[in-house]
Amino acid sequence: MDHYYLFVITTLLISLTPGADTVLVTKNTLVQGKEVGFKTAGGICAGITVHIAIAVLGLSAIIAKSVLLFAIIKYAGAAFLILMGIFTLFSKKRNFTSDATTSEKTPKGSFFLQGMFSNVLNPKAIIFFVSFLPQFIVPGEHNLLKMMIIGITPVLITFIWLFFYVNLINYIREWFNKPSFLAAFQRLTGLMLITLGMKLAFAKR
């Protein structure tokens with residue numbers, strides 16, 4: 001715990017680095033609004049909590065060392081991102097300000113699950129937590145408590161960052177309420193999600 005501040009700084013930098021979670025939050029906030037953006041962010045934080053829990057329990061090390069389990073999680077995550085990308089790429093285009101009816105037709109919990117699965121099905125997150133967290137634990141007593149304190153830090157940092165990010169995206173979404181922008185945005189995010197899924201599928205451990 002002597003270098004906890006280094007852990008905080010590193011975690012913050014990782015949270016700020018764009019990835020599949022950022023793409024998903026951006027898409028859902030721009031198209032569906034702030035409430036959906038928060039639900040997606042909440043799902044992402046829940047996914048981080050799952051990773052922390054299995055890391056603390058030692059299951060991450062088992063998964064990280066198992067070629068089969070790692071491959072299953074990797075390909076499941078890749079398939080999820082690719083399917084999300086295809087759905088986004090070919091979904092019906094609509095104005096940002098006319099999303100109330102569409103949001104009502106979509107189960108609210110689905111956006112939370114999108115965020116959670118995009119994070120849980122990321123094998124690199126498993127490797128990160130199982131290899132990164134222990135580096136800040138000094139051998140001795142109360143290691144479980146220290147792991148829990150360090151483990152909750154990424155959740156809080158991610159939540160604070162995504163809370164700010166969702167509000168920022170929601171603030172500027174009205175500026176881009178044009179069919180041409182929406183069409184380009186959906187194509188771009190769809191292709192980005194598919195690309196991230198392909199990258200994950202072919203990524204080495």
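Because the structure is a prediction, the values reported are computed rather than measured.
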In Å and rounded to the nearest 0.5 Å, what is the [atom1] to [atom2] distance from [X] to [Y]?
X    : Y    : atom1 : atom2 : result
K39  : L113 : NZ    : CG    : 11.0 Å
F112 : F117 : CZ    : CZ    : 10.0 Å
I152 : T49  : CD1   : OG1   : 5.5 Å
I172 : N167 : CD1   : CG    : 12.0 Å
I72  : L121 : CD1   : CG    : 11.5 Å
L191 : I86  : CG    : CD1   : 10.5 Å

On a heavy-atom basis, which atom in [X] and which in [Y] lie closest, and how many Å separate them?
X    : Y    : result
T17  : L13  : OG1-O, 2.8 Å
Q114 : L24  : O-CD2, 3.5 Å
G85  : L193 : CA-CB, 3.6 Å
T158 : S15  : OG1-OG, 3.5 Å
I48  : V155 : CG2-CG2, 3.7 Å
N119 : G47  : OD1-C, 3.3 Å

Notebook entry, point to check: Are the side chain of S118 and the backbone N or O of G115 linked by a donor-acceptor pair below 3.5 Å?
Noted result: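 Checking the backbone N and O of G115 against the side chain of S118, a donor-acceptor pair under 3.5 Å is found.
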Please determine whether residues [X] and [Y] belong to a single hydrophobic cluster, defined as Ile, Leu, Val, Met, Phe, Trp and Tyr linked transitively by side-chain heavy-atom distances below 4.5 Å.
X    : Y   : value
I82  : Y75 : no
I14  : L16 : yes
Y165 : V31 : yes
I160 : Y5  : no

Next item on the list: Under the ring-ring contact (aromatic ring centres under 6.0 Å, His included) rule, collect the residues that match up with F80, sequence neighbours excluded.
Entry: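 With neighbours one apart ignored, the set is empty.
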Next item on the list: Run through N28, T29, V25 and flag the one making a side-chain contact (heavy atoms from CB on, under 4.5 Å) with I169.
Entry: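 In the set N28, T29, V25, the residue that makes a side-chain contact (heavy atoms from CB on, under 4.5 Å) with I169 is T29.
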Next item on the list: Measure the shortest side-chain to side-chain distance between K27 and M192 over non-hydrogen atoms and say whether it is less than 4.5 angstrom.
Entry: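 No, every pair of side-chain atoms sits at 4.5 Å or beyond.
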Notebook entry, point to check: Which residue pairs pass the ring-ring contact (aromatic ring centres under 6.0 Å, His included) test when at least one of the two sits in residues 14-64, sequence neighbours left out?
Noted result: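 Every pair satisfying ring-ring contact (aromatic ring centres under 6.0 Å, His included) with a residue in residues 14-64: F38-F163, H51-F129.
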Item checked: side chain to side chain donor-acceptor pair (under 3.5 Å) partners for T153, two or more places apart ->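 By the side chain to side chain donor-acceptor pair (under 3.5 Å) rule, T153 matches Y4.
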